[in-house]
Amino acid sequence: VATTPDFVTYPSDVAVADAVCHDRWVEVTWTDRRSSRFHHLWLRDNCPCPSCVAQITREQTFEILAVPAGLTPDAVERTRVGDLFVRWPDGHESIYDTGWLRDHVYDRADPHTRSSTRSTPRTSWDSSSFSAPPTFDATAVMTRDDALHDWLVALSTFGCTRVRGLPDDPDVVGELAARIGVVRHTNFGVLWDVKSEPDPITNANTSLRLPPHVDLPTREYQPGVQFLHCLVNDATGGDSVLVDGLRVAEIVKAESPAHFRTLTTVPWNWANRSRTSDYRWSSPLIVLDGHGEMSEIRVGNWLRAPLVDVGFDRVEEAYEAYRHLFEVTYRKDLVVQFRLVSGDCMVFDNRRVLHARTGFDPNSGPRFLRGCYSEREEVESRLRVLKRAGQDGSTHS
Ligand SMILES: [Fe+2]
């Protein structure tokens, strides 16, 4: 019988030392002397026993309506091995694995000190942090799970990485993405080309300079991860540029809280112009999560549509804030500029990090990149599964 309601194991140095039943919650004192409160209903809802959780799927079968709203335990105690035992008025008994319970503590002064959806805290950066993205060996990340883990931690932390030494194969970028998880299909295909074309469907497929942008801000859900594999880069020009949108947002907020408020509330319009598709979306340029932290940024000069959703009275304010934001993305002390060479693949968080390229001369030599998209959640899921398998450098398995 499973002792936790999931497939994860929770090794812990700390156990339940004592448990006391109060009016509305159970107070657990741990062997490290900390204490945590768990509401009665929360505990009942999270009973991991086979009649509450299907053992094969580890998905819940218990429904909250099966118990009264004012449910209170009949008995609460520490088990012999330091788990938490609860007996309910209807005779149902629950045992909470001590490691699981400790990992799911929600009784803290600042609930924001932990993110349940992000494995690694983000670190913002600028041009003094590095001169090229943190770089990882292609053979290692393709063949070794510990190397895969280290690469993904960097991707989650900084939002940008470079994988170096990929084979000269136009499809290998899809294999690199599949090493993490599901590849996202778009109207550009599963894998797509970036090269100067006579009849391009996007400015990316010209030799024009591309200003800092994210890809597909025209979509309700922008791709979370972008891969750009360089097969050849022999043209004059065509350097790569990355700017941390998280740092951009921090700077704008510090320099003008009013602009920041505008950027997070005024919806801008986006449109894909195409003979065969017509994607449109409207969204503030900076989107905040429930904690007020930036969850995504939308910048893409050539994909903006006329500003029409904001209302007459806020158009000037919207432009003023946008100018500020866009100006910050060009600041020299924020821009990391480097050159991709054959076998390099730039992998970055497309909802956080802006990318750009300098213009190039298509007659001076070939420049050909292949790309694809995936999602942040693929990275986070892979990281958690690697951690389960002990590939995170932890000594336990
Ligand atoms: Fe792009």
Side-chain angles (χ1 to χ4, degrees), residues 132-133 155 158-163 170 173-174 176-177 183-197 199-233 235 237-246 248 268 270-274 277 279-281 283 285-286 296-305 325-326 329-330 334-341 344-360 362 367-376 379:
L155 181 55
F158 300 108
C160 72
T161 59
R162 178 172 57 180
V163 173
V173 65
L176 181 65
V183 180
R184 174 160 164 184
H185 198 172
T186 71
N187 62 313
F188 290 99
V190 176
L191 307 183
W192 31 267
D193 297 345
V194 182
K195 60 181 168 192
S196 181
E197 292 170 345
D199 187 23
I201 60 166
T202 165
N203 281 1
N205 287 2
T206 64
S207 61
L208 293 170
R209 179 183 75 85
L210 294 180
H213 67 284
V214 299
D215 274 18
L216 308 194
T218 54
R219 306 307 162 85
E220 178 174 2
Y221 194 72
Q222 305 179 113
V225 183
Q226 179 168 173
F227 298 74
L228 279 173
H229 173 211
C230 174
L231 288 148
V232 55
N233 190 11
D239 283 2
S240 296
V241 169
L242 292 172
V243 183
D244 188 7
L246 183 58
V248 169
W268 279 81
W270 305 90
N272 133 263
R273 287 76 152 185
S274 162
S277 63
Y279 297 99
R280 301 186 194 196
W281 192 244
S283 164
L285 300 182
I286 295 173
E296 71 172 1
I297 189 165
R298 288 188 191 238
V299 174
N301 190 58
W302 69 97
L303 295 167
R304 283 185 307 119
L325 174 78
F326 207 32
T329 69
Y330 275 112
L334 261 68
V335 165
V336 171
Q337 180 168 334
F338 58 100
R339 191 167 178 84
L340 290 175
V341 300
D344 283 355
C345 186
M346 200 158 93
V347 184
F348 55 96
D349 182 332
N350 182 65
R351 295 170 64 206
R352 165 180 168 181
V353 170
L354 311 176
H355 61 295
R357 87 162 172 239
T358 63
F360 63 95
R367 185 180 193 276
F368 179 28
L369 313 183
R370 284 269 277 179
C372 66
Y373 301 116
S374 184
E375 302 298 347
R376 284 177 180 170
V379 174

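First listed ligand is number 1; within each ligand, the first listed atom is number 1. Values reported hereafter were calculated over all heavy atoms of this structure, with side chains retained and with hydrogens, waters and symmetry mates removed.
Between the CD atom in E197 and the OG1 atom in T202 there is a gap of 9.5 Å [rounded to 0.5 Å].
For the 3.5 Å distance criterion, the side chains of Y373 and D215 qualify, holding a donor opposite an acceptor.
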Counting only pairs under 3.5 Å, give me each side-chain donor-acceptor contact of residues 186-196, with atom names and distances, residues two or more places apart or in other chains.
{"unit_1": "T186", "atom_1": "OG1", "unit_2": "F188", "atom_2": "N", "d": "3.1"}
{"unit_1": "N187", "atom_1": "OD1", "unit_2": "R219", "atom_2": "NH2", "d": "2.6"}
{"unit_1": "D193", "atom_1": "OD1", "unit_2": "R370", "atom_2": "NH1", "d": "2.9"}

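The shortest heavy-atom contact between C160 and P133 is SG-CB, 4.0 Å. The two residues G237 and F360 come nearest to each other via the heavy atoms C-CB, 3.6 Å.
No option in L228, V214, L354 other than L228 meets the side-chain contact (heavy atoms from CB on, under 4.5 Å) test with F348.
Around the Fe ion (ligand 1), the protein contributes the following N, O or S atoms at distances under 2.8 Å: H213 NE2, D215 OD1, H355 NE2.
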